[in-house]
K.L.:
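Sharing a structure, written as structure tokens. Questions coming.
Per chain, numbering begins at 1; letters A, B, ... match sequence-line order. Worth knowing before you read on, the calculation uses all heavy atoms, side chains too, and leaves out hydrogens, waters and symmetry mates.
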Amino acid sequence: MKVGIISFAHGHAYGYAQALTQIEGVEIAGIADDEKDRGQKVAEQFNTTHYVDYHELLEQPVEAVVITSENSNHYQHVVAAANKGKHILCEKPIASNLEDAKSMIAVCKEHNVILQTAFPVRFNTPIANAKKVIESGELGNIIAMKGTNRGTNPGGWFVDKAKSGGGAVIDHTVHVVDIMRWYTGAEVKEVYAEVDNMISDYDIDDCGLLTMEFDNNMFATLDCSWSRNKNYPTWGDVTLEIIGSNGTLAVDAFAQKTNVYSNDGTQWNFWGDNMDQALVEDFITTVREKKSPSITGEDGLRALEVAMAAYESSEKKQPVAILN
Amino acid sequence: MLHTLVIGAGTMGSTHANAYSKMKDVHLAGIVGVNYSKASQLAETLGTKAFHTYEEAVKELDAIDAVSICLPTPLHKEYVKKVADNGSHVICEKPLARSLSDARDMISYCKEKGVKLFAGHVVRFFPEYVQAKQLIAENKIGNPAVVRTTRGGGFPNASNDWYANFNNSGGLILDMVIHDFDYLRWCFGEVDRVYAKSSRGRVYVKVEYALVTLRFKSGVIAHVEGTWAHQNFTTKFEFAGRDGIIEYDSSKVAPVVANTNVSTSDGGVAVPESPLKDNPYYKELEHFIHCIQTDEEPIVTAEDAYKAMEISLAALESIEKGKPVVMDSKGKESIR
């Protein structure tokens, strides 16, 4: 199977490209990147062709594309790829605004191509195992969930609102909201959030604390702040604690680590399973078997709606309802 | 020599009595307990007298300089007033009262009677919390931005199961999370608004769980977790600032761990312990005694205890209404 990659603007592109090289029968047929230097370097690294213009890549006989451009460019890249009949794995957040996300889903449906949102955390082994515990019913009724997805401020286009659509809240809300929905099958119906810019000098939100009410009588909070400083031993975290009527469950996606103390400082080195590999393999299998994707465009949209409601709530200082 | 009396022979009464019995300048004159056998057992261990009622203690004892009130919250007001009437200083367990009007009444009454009123917000005497506040004040992490606290464990067991009666105890938010509200207010000043959700009305098993967001006037965003839905008692905090992070998790602090071999199939039982020469309750009570002796202003005042209650009650109101509660308007209401 020939696969293309559109843009290496998002760092996850490297992980996904690496994952593609590990799958038998898959070839990275080309990459498109309008940043010439980056594109050439990457093409060399993955032994493939570099196209400056993504339309040229879409002219090639590739079956599927991975889209890892800036959030605001997802729309044009997804629409162009769908028009050419390519199946799509699109980086999260699905878009920089809700209108784009909805159009992208509609266009992909119209052209009958797969649109999968890249939520790799679903493929983290501890996160996936925790789902089995919840489904076993041993926790009783789920009362509440407490999530964190803290990180380091990535800088670059992530802090340019025109390209990203927002800062920490759009970047880090979507992963954990997706997991909460996936764990329970419930939808968020109301969001309250405190959002601010108190950590970095960049003019973009870097502090976010969301409280959510779900349609299954469960509530949850999520800390999505870019609050890890440069000397923190790792980039960030994904954790969830689930409170049930019969017990509790704590899951830490990146607890599988060794602590390394070198003269350069302290580092937590992760040694757990590679979730990017599992995500990409799942996508390729979906394309090969012409299945419906495990994580849909709608899943991407639902998570984005929560992030957008958080911005609105913080602005209004009131809870905001999400009407599906 | 300062003569103290402890009213209540439950968990907190026993803690106060133990602390007084170890202090050099303090004489533990007696312990009052409605459960007399419990009180007399404790009194015997500590070499003091047990009484059925406060009135009996007053009649029999020559001098009572200070009284610790370690009773269920709804009884605080009645006993604070009784003790103040007798001219003894009052050390009252938190929360001061179930309602703000009762708390205000207690504060005014003690002022009128010329006795001091202290509130047992003991977290201000836990060394890990004291150190974190100091580090923040020293600008070690720059301007604080997003902070998180956790407190809780299993549902508390007490006489007549009084914690389970929300009208009496105010539940988790008024009884326990108030510790973190007081501590955070000590660190970051006044709260602007409160938004909270809890398990109340969602489940009908004996657990309680709450997640509270505080927005401080300084801008700090706080996530406060309170739980009576867990297994082992744990406290945690994390302060993320512009230039750094301070984190603490009591479950990871186990300097002494004893493991016993048990012949059953489920193995041994580990009992972790984090020992200090003087526990935080001792430090707190020693400080209050010092304030009585020297007339110094305490680290935590009755007014602070009132303010912490305001935050707790705002959180309860937010849970009830599903809306954020702005504190300024609360202040005005309580003046009326």
Side-chain angles (χ1 to χ4, degrees), chain A residues 139-148 150 153 168 190-201 206-214 216-233 237 241-250 313-314 316-319 321, chain B residues 141-148 150 152-154 192-216 218-225 227-232 234 238-245 247 251 318-319 321-326:
Chain A
L139 301 177
N141 290 330
I142 306 301
I143 302 165
M145 290 195 188
K146 179 188 70 168
T148 64
R150 279 85 59 88
N153 190 321
E190 193 178 70
V191 181
Y192 178 83
E194 294 287 352
V195 178
D196 213 326
N197 175 14
M198 293 190 283
I199 296 172
S200 77
D201 288 328
D206 51 20
C207 302
L209 192 58
L210 283 71
T211 306
M212 293 162 273
E213 184 73 41
F214 284 73
N216 65 343
N217 203 24
M218 168 185 104
F219 66 99
T221 60
L222 170 60
D223 184 342
C224 57
S225 309
W226 285 337
S227 54
R228 304 302 87 176
N229 60 317
K230 67 174 189 290
N231 281 336
Y232 198 76
D237 68 0
E241 195 157 349
I242 293 104
I243 313 302
S245 54
N246 290 343
T248 58
L249 169 69
S313 165
S314 173
K316 291 182 173 163
K317 297 179 182 164
Q318 286 297 327
Chain B
I141 58 162
N143 273 346
V146 183
V147 313
R148 302 175 66 86
T150 291
D192 182 63
R193 54 185 182 269
V194 182
Y195 187 76
K197 288 202 180 276
S198 91
S199 59
R200 282 201 73 223
R202 294 176 198 261
V203 278
Y204 299 95
V205 288
K206 205 170 148 190
V207 296
E208 201 177 342
Y209 185 76
L211 297 171
V212 184
T213 298
L214 302 180
R215 190 70 198 256
F216 287 80
S218 66
V220 169
I221 300 169
H223 179 272
V224 183
E225 178 187 26
T227 176
W228 285 341
H230 276 73
Q231 299 75 36
N232 301 314
T234 309
E238 192 205 272
F239 302 100
R242 251 187 105 85
D243 308 314
I245 293 166
E247 57 182 22
S251 68
S318 173
I319 289 165
K321 294 185 175 162
K323 299 270 177 203
V325 172
V326 177

K.L.:
Name the region of A/D223, side chain, backbone, both or neither, that has any atom closer than 4.5 Å to a heavy atom of chain B.
P.N.:
both
K.L.:
Quick one: what part of B/A196 sits under 4.5 Å from any heavy atom of chain A, side chain, backbone, both or neither?
P.N.:
neither
K.L.:
Using modelled atom types only, decide if a donor and an acceptor are shared between the side chain of A/S313 and the backbone of A/Q318 within a distance under 3.5 Å.
P.N.:
yes
K.L.:
Among B/L211, B/V205, B/N143, single out the residue with the greatest number of heavy-atom pairs under 4.5 Å to chain A.
P.N.:
B/L211
K.L.:
Under 4.5 Å heavy-atom distance to chain B, tell me which part of A/R150 shows up: side chain, backbone, both or neither.
P.N.:
side chain
K.L.:
Please round to the nearest 0.5 Å and tell me the distance separating atom CD of B/Q231 and atom OG of B/S251.
P.N.:
11.5 Å
K.L.:
Sort B/T150 into side chain, backbone, both or neither according to what part of it lies under 4.5 angstrom from a heavy atom of chain A.
P.N.:
side chain
K.L.:
Which value, rounded to the nearest 0.5 Å, describes the distance between A/N217 atom CG and A/I143 atom CD1?
P.N.:
10.0 Å
K.L.:
Does any backbone or side-chain atom of B/S198 lie under 4.5 Å from a heavy atom of chain A? Answer side chain, backbone, both or neither.
P.N.:
backbone
K.L.:
How long is the span from the CZ atom in B/R193 to the CZ atom in B/R215, to the nearest 0.5 Å?
P.N.:
5.5 Å
K.L.:
When rounded to the nearest 0.5 angstrom, what is the spacing between CD in A/E194 and CG in B/L214?
P.N.:
9.5 Å
K.L.:
Given a strict heavy-atom distance threshold of 4.5 Å, which part of A/Y232 is in contact with chain B: side chain, backbone, both, or neither?
P.N.:
side chain
K.L.:
Hey, are A/T148 and A/D237 close enough side-chain-wise for a donor-acceptor pair under 3.5 Å?
P.N.:
yes
K.L.:
Does the side chain of B/H230 come under 3.5 Å of the side chain of A/E241 through a donor N or O and an acceptor N or O?
P.N.:
yes
K.L.:
Under a 4.5 Å heavy-atom cut-off, does chain B meet the side chain of A/K230, its backbone, both or neither?
P.N.:
neither
K.L.:
Quick check on A/S225 against chain B: is it the side chain, the backbone, both or neither that has a heavy atom closer than 4.5 Å?
P.N.:
side chain
K.L.:
With a 4.5 angstrom heavy-atom cut-off, is it the side chain or the backbone of B/E238 that approaches chain A, or both, or neither?
P.N.:
side chain
K.L.:
Let me confirm one number: the OG1-CD1 distance from B/T213 to B/I221, rounded to the nearest 0.5 Å.
P.N.:
8.5 Å
K.L.:
For A/D206, is it the side chain, the backbone, both, or neither that has a heavy atom closer than 4.5 Å to a heavy atom of chain B?
P.N.:
neither
